[in-house]
2 protein chains.
Amino acid sequence: MKLKIRRNSLNEQETFEQKVMRKHRKLRGKIEIIGRTRIKTTEDLATFYTPGVAYVSSAIRENKELSYEYTGRGNRIAIISDGTRILGLGNIGPYAGMPVMESKALLFKKFGNVDAIPLVLNCRSADDIVAVAKALEPAIGGINIEDIEAPKCFEIVDRLHEKLDIPVFHDDRHGTSVAILAALKNALKYQRKQLRKVKIVINGIGAAGVGTAQLLIAAGATDITMCDRTGILYKGRKENMNDVKAALAEHTNKSMIKGQLQDAARDADVLIGLSTAGAFNARLIKSMKSKPVVFALANPEPEIRYHLAKEAGAEIVATGASNTTNQVNNLLVFPAIFRGALDVGAKKINTAMQLAASDALARSISEKRLSADFIIPNFVNSNMAEITADVACAVAKAAMQTGVSRTKVDLKHMRKNVRSMLKRYSKIERMVARMGDGSLFSGIFGRRE
Amino acid sequence: MKLKIRRNSLNEQETFEQKVMRKHRKLRGKIEIIGRTRIKTTEDLATFYTPGVAYVSSAIRENKELSYEYTGRGNRIAIISDGTRILGLGNIGPYAGMPVMESKALLFKKFGNVDAIPLVLNCRSADDIVAVAKALEPAIGGINIEDIEAPKCFEIVDRLHEKLDIPVFHDDRHGTSVAILAALKNALKYQRKQLRKVKIVINGIGAAGVGTAQLLIAAGATDITMCDRTGILYKGRKENMNDVKAALAEHTNKSMIKGQLQDAARDADVLIGLSTAGAFNARLIKSMKSKPVVFALANPEPEIRYHLAKEAGAEIVATGASNTTNQVNNLLVFPAIFRGALDVGAKKINTAMQLAASDALARSISEKRLSADFIIPNFVNSNMAEITADVACAVAKAAMQTGVSRTKVDLKHMRKNVRSMLKRYSKIERMVARMGDGSLFSGIFGRRE
């Protein structure tokens, strides 16, 4: 008799890494594309393919804006990356970037009902990436730039933002800044301080640092000092500069102090880390004003651990980690912002829309529930559909008010609609999961003879 | 009392065009992107997003071929068009091309479980389209070129086929030719004639005509004469030529006849039209050998109507229309060929794979069922899942035999798997349709205040 030995039958503990790899290997792709209508009869085929579809094409030829009415373009965005700055892994290339982009697509659908296409590009220069993104414009209603190294990302996003009439969003820059501003608003509300009066230090001048400084300034912050590896950013600094840093130096550090992070942080109310693990320590926090706000947002390891920052005297601490309170997570932002932008066919995602999103996100925590350990909602404890609806409607409203929308919506109707589309997707998600995580799907690969 | 008048309450007959437009407008996109796993807990998020996904990215960084094992890249293709030759509409641009590309994506999923991304490009030159397609390669497992004008399409497809290690297929050229060869094989089998002995005339030297001539030659045809608007193609012709026509002139019309279509068709056994409505007449068919085979495949109107060709003496007639027997439809080909190619991670779709697909498609009609009016299966009367499984397995086998596969599969296992993945999708399709054609989805657009 032959004894079959099953893998894992020895009751060995599976590591987290092994579990992640096993689950990804089983799924072979975190997303898939499905039809939204049934094709059963020759008439279905005639209606949704030839010859019927020619009527639709002819109508759009006469007026290309009708592509928003008769195709899915208006709900479809491209997630574009070249793989040069993937998570904490750095420049690992486009192939290795795909798993992250698929995750993003999964979350765009789950939390925003946005159809996101993960596109990792074999491109080197900003020019090439801009050219591809521009070429794709007729196929999509928006672009989410993801994990492209700085300063290349700034040039790409700014050029696309200017040239295309579809929203171009850089999640590392814009999404992060919206989440941070929301958390900071609530932190200061709790402390009964005003954004325009507090002294803020931002450590890290990559995409997230730049986006955050820009949005905080737009929201009314007046006293921001930025630091990077070279030290404090000031007007006229020569070392380790680029165009974006030079522009920021004009609007930050008005007292022109020089030196290192510890010089900037002295007597600061707020310290925001968008840099690297271990960049903050207890002494740094102790040198700040009493009961400071510390956001240590480096991923996966923060600038300082939550409890160490607390022990050093910080009153309100936030990190990017899901295992502590106050997780500042873009997840709260990118699906909802695009939901709002797409529902009015926005041509841009402008600063007004980002500020509106930030406001709505902050307001999703009532004054009563607000505490030092609850300044930003968490996807597990919160009604995400409600939050998405709130944020999306605020974004849509701001888009209409600032004249970047293609269509006007009734906000009450929209709110209802966002809720029901998310509910509909939840049903699909449940059903697909019940089919065994979709394991039937393309299960052949890797099964070598 | 206020009387509400509903539109269409007058019992007016809705035209086919009105129905098509209404149904497309209601759907607002024939496809959508869904997740293949459920995100419910913080642990799900950690597994399928950060920090877990970094393990998957790191593994692919070490070996980019693992993108086929741990992401959906291997089941995902791009449908690429610039909108320069959409159906019978011609150069109507990329925006107007989208409805057709979405239809294709819908059919790729329905009949092949292939995840196809419809990408209409704002590109003008062959160079630009090639550059975009090359840039997209890390994100996809294959490319389907669609509705790009000749001769630009030949250059694009041939360059991509040569440079990329993923299959590049041109449906108008390759898909059509596979369907035609399958139908022709069965027609000649019914007539007890041999492909290598019959005299064949092809009218039309666009993508479909070129692909068909190339595949028929590869299958053993020896006597092919081609015609276009200028007349018969011969070696040394000067008028209305391009590189592809010049190359074809070397391998067709060996007796070097000159003149017009009627000169080529005299005494021919087979006449294949890939040209325009009304290009054939009764006299032309009467000048052919007795009981000829006539394929009038112009779309939407054929070169000659089915019954007129029959009346003129044709024994076997095929068209591209769904309302007559013998519809030569690419639908039988493109999903199945890609299913086979993707399941072995094919680097190319080569001629051997096309010939194998054609053979399998022809053999799906048993000798017993074969008749003058049943030379090619029809999607309504046939078991499409069976046909797809047969064709896909034949393609996979040929890919393995010709050394273009990335992985080997057990064909029995694969056949079973193809059947069950199509069955799984049918369930999803039914369920999504039951949700009211997905009308909840992004229903705001066009609802102007």
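Sequence lines set the chain letters: A, B, ... in the order given, protein chains first and strands last, and positions in each chain run from 1. Values below: every heavy atom of this structure, side chains too, minus hydrogens, waters and symmetry copies. Since the model is a prediction, treat every value here as computed from it, not as a measurement.
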Structural part of L106(A) lying under 4.5 Å from a heavy atom of chain B
side chain
What I want to check is whether the side chains of N417(B) and R339(B) have a donor and an acceptor closer together than 3.5 Å.
no
Y425(A) versus chain B, heavy atoms under 4.5 Å apart: side chain, backbone, both or neither?
side chain
Taking the six-membered ring for Trp, are Y55(A) and H24(B) ring centroids under 6.0 Å apart?
no
Part of K40(B) within contact of chain A (heavy atom distance under 4.5 Å)
backbone
M21(A), E62(A), K110(A): which one forms the most heavy-atom pairs within less than 4.5 Å of chain B?
M21(A)
Select one option (side chain, backbone, both, neither) describing which atoms of L45(A) are under 4.5 Å from chain B's heavy atoms.
side chain
State which residue, out of R61(A), E137(A), E65(A), R73(A), fulfils the side chain to side chain donor-acceptor pair (under 3.5 Å) condition with Y95(B).
E137(A)
Are side-chain N/O atoms of Y70(A) and R28(B) paired as donor and acceptor at under 3.5 Å?
no
Counting only heavy atoms closer than 4.5 Å, note whether K134(B) contacts chain A via side chain, backbone, both or neither.
backbone
Basic-acidic side-chain contact under 4.0 Å: R406(A), E69(A):
no
Contacting moiety of L87(A), where chain B heavy atoms sit under 4.5 Å:
side chain
What part of T50(A) is in contact with chain B, defined as an atom under 4.5 angstrom from a non-hydrogen atom: side chain, backbone, both or neither?
side chain
S426(A), part contacting chain B, at a heavy-atom distance under 4.5 Å:
neither
Contact class of E102(B) relative to chain A, heavy atoms under 4.5 angstrom:
side chain
Stepwise side-chain hydrogen bond (donor to acceptor under 3.5 Å, both in side chains) test for S103(A) and K30(A)
CA-CA 7 Å; S103(A) 299; K30(A) 279 168 285 198; 2.8 Å; yes
Would you say that more than 12 heavy atoms from the other residues, nucleotides or ligands in this model lie under 6.0 Å from the CD of Q18(B), or not?
yes
